[in-house]
Amino acid sequence: MESINWADFEKVDIRVGTIVDVQAFPEARRPAYKLQVDLGDKIGIKKSSAQITDLYTPDELLGKQVLVVVNFPPKQIGPFMSECLVTGLHRADGSVVLSTVDMDVPNGTRLA
């Protein structure tokens, strides 16, 4: 694994946000949801596509705080423009567990 320095890490802007809307994404190649994530007043609400249908239902996702990379360029995913990356970890079976916080944090707070 290649080492990075602190300046490299600081380039990745990871913020906490709350999922405020979840929609099915039937056009996606692999099962996914279209999410809207509230990242606070300065950043606003951003859209993301997330392949997390194995472990989460839309009702379970609403109101969940997640860690989001906000400074990747937007990415076209089929007919949907993803504006941020909701982070998670792959399990052995390929399903994705979301990166979350264990206590409420104001939306838009940057990972320290």
Side-chain angles (χ1 to χ4, degrees):
M1 179 182 331
E2 181 182 347
S3 293
I4 64 171
N5 61 40
W6 186 254
D8 292 329
F9 177 72
E10 286 184 314
K11 292 177 186 176
V12 182
D13 192 354
I14 301 173
R15 307 281 178 137
V16 69
T18 300
I19 297 172
V20 295
D21 189 52
V22 182
Q23 300 295 320
F25 190 6
E27 305 89 352
R29 287 186 192 155
R30 296 190 348 209
Y33 294 125
K34 294 187 279 188
L35 306 178
Q36 289 192 22
V37 183
D38 182 353
L39 292 153
D41 292 337
K42 289 184 180 178
I43 298 172
I45 294 176
K46 297 283 187 181
K47 300 181 293 182
S48 184
S49 171
Q51 297 172 352
I52 54 175
T53 59
D54 290 337
L55 300 178
Y56 301 96
T57 66
D59 288 340
E60 292 170 324
L61 291 169
L62 281 176
K64 184 177 284 296
Q65 285 197 300
V66 292
L67 295 176
V68 179
V69 177
V70 298
N71 63 334
F72 282 139
K75 181 177 181 177
Q76 189 74 42
I77 302 173
F80 184 74
M81 182 64 72
S82 186
E83 301 171 314
C84 61
L85 174 69
V86 175
T87 65
L89 303 134
H90 284 101
R91 295 187 342 176
D93 65 1
S95 61
V96 175
V97 176
L98 289 171
S99 300
T100 62
V101 293
D102 64 357
M103 294 183 190
D104 286 341
V105 180
N107 290 336
T109 300
R110 187 168 183 172
L111 180 70

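Throughout, residue positions are numbered sequentially from 1 according to the sequence presented.
Counting non-hydrogen atoms of other residues, nucleotides and ligands closer than 6.0 Å to CG of Asp93 gives a total above 12. Annotation: Arg29, atom CZ; neighbour count of heavy atoms from other residues, nucleotides and ligands within 6.0 Å does not exceed 12.
For the pair Leu61/Leu35, a side-chain contact is recorded, criterion being any heavy-atom separation below 4.5 Å from C-beta on. Side-chain atoms of Val20 and Ile45, non-hydrogen and from C-beta on, do get closer than 4.5 Å to each other. Side chains of Ile43 and Arg15 form a contact here, defined as non-hydrogen atoms less than 4.5 Å apart. Here the side chains of Ser49 and Tyr33 are not in contact, with every heavy-atom distance at 4.5 Å or above. Within the 4.5 Å cutoff, the side chain of Val86 has heavy atoms near those of the Val37 side chain. Using a 4.5 Å heavy-atom threshold, the side chains of Thr100 and Lys64 count as touching. At least one side-chain heavy atom of Val97 sits under 4.5 Å from a side-chain heavy atom of Arg91.
A distance of 7.0 Å separates CD in Glu10 from CZ in Arg110, rounded to the nearest 0.5 Å. The CD atom of Gln23 lies 8.0 Å from the CD atom of Gln36; values are rounded to the nearest 0.5 Å. How far CD of Gln51 is from CZ of Arg30: 4.0 Å, rounded to the nearest 0.5 Å. For the atom pair CG of Leu67 and CD1 of Ile14, the computed distance is 7.0 Å after rounding to the nearest 0.5 Å. Atom CD1 of residue Ile4 and atom CE of residue Met1 lie 10.0 Å apart, to the nearest 0.5 angstrom.
A continuous path of ILVMFWY side-chain contacts below 4.5 Å connects Leu111 to Val12, so both sit in one hydrophobic cluster. In the hydrophobic clustering of ILVMFWY residues, with side-chain heavy atoms under 4.5 Å counting as a link, Phe9 and Phe72 come out together.
Side chain of Ser48 to main chain of Cys84: a donor-acceptor pair is present (N/O by atom type, distance under 3.5 Å, no hydrogens or angles). No donor-acceptor pair under 3.5 Å is formed between the side chain of Glu60 and the backbone N or O of Leu62. Under a 3.5 Å cut-off, the side chain of Asp13 and the backbone N or O of Val69 do not form any donor-acceptor pair. Looking at Thr18, its side chain never comes within 3.5 Å of a backbone N or O of Gln65 through a donor-acceptor pair.
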Open item on the list: For a side chain to side chain contact (heavy atoms under 4.5 Å, CB included) check, start with the C-alpha distance between Lys34 and Val22, then their side-chain angles and the critical distance, and finish with the verdict.
Closed with: CA-CA 6 Å; Lys34 294 187 279 188; Val22 182; over 6 Å; no
TODO: Give the intermediate values and the outcome of side chain to side chain contact (heavy atoms under 4.5 Å, CB included) for residues Val68 and Val16.
DONE: CA-CA 6 Å; Val68 179; Val16 69; over 6 Å; no
Open item on the list: Does Leu98 form a side chain to side chain contact (heavy atoms under 4.5 Å, CB included) with Ile52? I'd like the steps, not just the answer.
Closed with: CA-CA 8 Å; Leu98 289 171; Ile52 54 175; 4.0 Å; yes
TODO: Please test Leu55 against Val96 for side chain to side chain contact (heavy atoms under 4.5 Å, CB included), starting from the C-alpha separation and ending with a verdict.
DONE: CA-CA 7 Å; Leu55 300 178; Val96 175; 5.9 Å; no
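With sequence neighbours excluded, the residues that form a ring-ring contact (aromatic ring centres under 6.0 Å, His included) with Phe80 are Phe25. Residues meeting the ring-ring contact (aromatic ring centres under 6.0 Å, His included) test with Tyr56, sequence neighbours left out: none.
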